[in-house]
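Before any comments, here is the structure.
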Amino acid sequence: MSIYNVVTTDLNDVKTQHAWNAFVSRHQEEGHHHLSGYLQAIKKAFNHDLICLMATDRSSGEVKGVLPLIGIRSFLFGDKLTSIPFYNYGGPLYDSFGACEALVNEAKLIRIKRRYQSLELRCMKDHSNQGGLSVETHKACLVLALPDAINKIGVGNAKKRSKLRSQCKLAERKAKEMGVPLEQKFGTNDVLFNDFYSVFAKRMHALGTPVYGKHFFQSILDNTPSTITVVYWNGKPVSCGWLFDHGDRISIPWASTLNEVNRYAINSHMYYNILSRCIDEGRKLFDFGRSTIDAGTYKFKLQWGAEPQQCYWHKSSDLLKAEDRQPQDTFSLAVKCWKKIPLSVANLIGPFIIKSIAA
């Protein structure tokens, strides 16, 4: 018999929620989205199954590990059990390998009992020795240790850093030349919320990707320590970011810039101001979030001096087989078709599609 007892807990119970959050808070390096507020935001926005596993020592009753699972059921995309979709971090948090093993074994049983077709654990550690799960390493999170001054931002020598700063200041120079106002705001008011969503929705449509509904972001705003930033070019919102506050660590799970202002390097301007603000506030780490290794966003994040942290996505064999049956050409065609749908229609139906995809 295992020395660990694994149970499904109810985070609506105040005592349980306190114990859960206290344990997660000791594992902040990879537990940013395991706190109850982040999990309940998904539950409230989409009403997906929320299954929170807690491992305790049978003798002492002390919490030794937690594993949150989100169950998504979809006729189109299948029934999947994931830790955790929609955010950058997931997987089990634990004090010992035995606790991890007990949590993962319970997750496998729950997948079978509740008839989910697949299980996926999005980890920052390699658990490939867990039987029945394969691993993919195509993603990485990029984290920047913040210096004490903004002029020290950037990878490489002083010349390279100077070139990066010059790129970040391009928007200001162009705005001055053209006589148009350029402004970046931070906050959580309704105007910033709506402007964030307008930019985000337009950018997702341009990429051929269904957009999350406003209710998802509202649920996150209501349940997590969030800040919104929006850049305005000539009074129009053109770039935006969503920031999570984890104390010394700030992360940016979503950011978008409209194609029409790319020639002014507005995206670099926005990130430069965000990083300046973080340094002024005395933050220690800036988390750029995850990217596919060697993709354009991955390279963009590297230039700031961010260091890759390998992601390990452990998947059940059933999920891997299902993905093998879906040719890349099908996804490419879907993207092309989605781009041709009018924006108003895409914004209307997109949220019903994307909530069923473990993005």
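Quick caveat: nothing in here was measured; it's all calculated off a predicted structure.
Note: Phe216 and Phe46 have parallel aromatic rings, judged against thresholds of 30 and 60 degrees for the angle between ring planes.
Residues Ile349 and Phe75 share a single hydrophobic cluster, defined by chaining ILVMFWY side chains whose heavy atoms lie under 4.5 Å apart. Cluster membership for Ile252 and Ile266, using ILVMFWY side-chain heavy atoms within less than 4.5 angstrom, is shared. No single ILVMFWY cluster, assembled from side-chain heavy atoms under 4.5 Å apart, contains both Val7 and Val24.
Looking only at side-chain heavy atoms (C-beta outward), Leu243 and Ser251 stay at 4.5 Å or farther from each other. Side chains of Asn151 and Arg161 form no contact here, defined as non-hydrogen atoms less than 4.5 Å apart. Inter-residue side-chain proximity for Arg290 and Lys301 is flagged as unmet; no heavy-atom pair is nearer than 4.5 Å. Side chains of Leu144 and Leu142 form no contact here, defined as non-hydrogen atoms less than 4.5 Å apart. Between Gln17 and Val14, the closest side-chain pair of non-hydrogen atoms is not below 4.5 Å. A 4.5 Å side-chain heavy-atom check between Leu69 and Leu53 finds at least one atom pair inside the cut-off. Side-chain atoms of Trp304 and Leu275, non-hydrogen and from C-beta on, do get closer than 4.5 Å to each other. Residues Leu93 and Leu103 have side chains not in contact (no heavy-atom distance under 4.5 Å, counting atoms from C-beta outward).
Centroid-to-centroid, the aromatic rings of Trp242 and Phe200 stay 6.0 Å apart or farther. Checked against the 6.0 Å centroid criterion, the rings of Tyr271 and Phe288 qualify as a close aromatic pair.
Under the side chain to side chain donor-acceptor pair (under 3.5 Å) criterion, the residue pairs touching residues 193-220 are Asn194-Lys214, Asp195-Tyr232, Arg203-Asn259, Gln218-Asp222, with sequence neighbours excluded. Residue pairs meeting the side chain to side chain donor-acceptor pair (under 3.5 Å) criterion with at least one member in residues 347-359: none, sequence neighbours excluded.
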Exercise. Taking it one step at a time, do Leu170 and Arg263 satisfy side-chain contact (heavy atoms from CB on, under 4.5 Å)?
Worked result: CA-CA 9 Å; Leu170 176 62; Arg263 62 187 180 275; over 6 Å; no
Problem set entry | Verdict with reasoning, Ile51 to Leu81, per side-chain contact (heavy atoms from CB on, under 4.5 Å) | CA-CA 9 Å; Ile51 306 164; Leu81 198 58; 4.0 Å; yes
Exercise. Does the pair Trp254 and Phe217 meet the rule for a ring-ring contact (aromatic ring centres under 6.0 Å, His included), with working shown?
Worked result: CA-CA 11 Å; Trp254 302 287; Phe217 289 108; 5.2 Å; yes
For this session: Begin with the C-alpha distance, continue with both residues' side-chain angles, and end with the deciding distance and a verdict on ring-ring contact (aromatic ring centres under 6.0 Å, His included) for Tyr38 and His34.
Result: CA-CA 7 Å; Tyr38 290 93; His34 294 65; 9.5 Å; no
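Closest of all the heavy-atom pairs between Pro147 and Lys152 is CB-CB, 3.7 Å.
Formation of a donor-acceptor pair under 3.5 Å by the Ser83 side chain with backbone atoms of Gly91 is found in this model. Between the Thr56 side chain and the Glu62 main chain, no donor and acceptor come within less than 3.5 Å of each other. Of the possible polar contacts, one joining the Ser316 side chain to the Leu119 backbone as a donor-acceptor pair under 3.5 Å is found. Ser291 places no side-chain N or O within donor-acceptor distance of the main-chain N or O of Ile293, the cut-off being under 3.5 Å.
Through direct or indirect side-chain contacts shorter than 4.5 Å among Ile, Leu, Val, Met, Phe, Trp and Tyr, Leu285 is connected to Tyr89, Met124, Val143.
For Gln184 and Asn273, the side-chain atoms include at least one donor-acceptor pair closer than 3.5 Å. For the residue pair Thr292 / Lys139, a side-chain donor-acceptor distance below 3.5 Å is found, with atom types taken as modelled.
We find the CG-OG1 distance between Leu302 and Thr297 to be 9.5 Å, quoted to the nearest 0.5 Å. Atoms CD1 and CE, on Ile354 and Met204 in that order, are 9.5 Å from each other to the nearest 0.5 Å. Taken to the nearest 0.5 Å, the CD1 atom of Ile357 stands 12.0 Å off from the OG1 atom of Thr82. Annotation: the span from Gln310 atom CD to Cys141 atom SG amounts to 9.5 Å, rounded to 0.5 Å. Here the NE2 atom belonging to His18 is positioned 11.5 Å from the OG atom belonging to Ser36, to the nearest 0.5 angstrom. How far CZ of Phe186 is from CD1 of Ile274: 5.5 Å, rounded to the nearest 0.5 Å.
Within 6.0 Å of the NZ atom in Lys43, the count of heavy atoms belonging to other residues, nucleotides or ligands exceeds 12.
Listed by chain and residue number, Trp313 satisfy the ring-ring contact (aromatic ring centres under 6.0 Å, His included) test with His138 (two or more places apart in sequence, or in another chain). With sequence neighbours excluded, the residues forming a side chain to side chain contact (heavy atoms under 4.5 Å, CB included) with Lys284 are Asp248, listed by chain and number. Applying the side chain to side chain contact (heavy atoms under 4.5 Å, CB included) rule to Glu281 yields the partners Arg277, Arg283; only residues at least two apart in sequence or on another chain are considered.
A salt bridge links Arg122 to Glu120: at least one charged side-chain nitrogen sits closer than 4.0 Å to a carboxylate oxygen. Salt bridge Lys108/Glu106: absent, no basic N to carboxylate O contact under 4.0 Å. A salt bridge links Asp287 with Arg249; the closest basic N to acidic carboxylate O contact falls under 4.0 Å.
Among Arg111, Arg114, Arg73, the one residue that satisfies the salt bridge (charged side-chain N to carboxylate O under 4.0 Å, His left out) test with Asp49 is Arg73.
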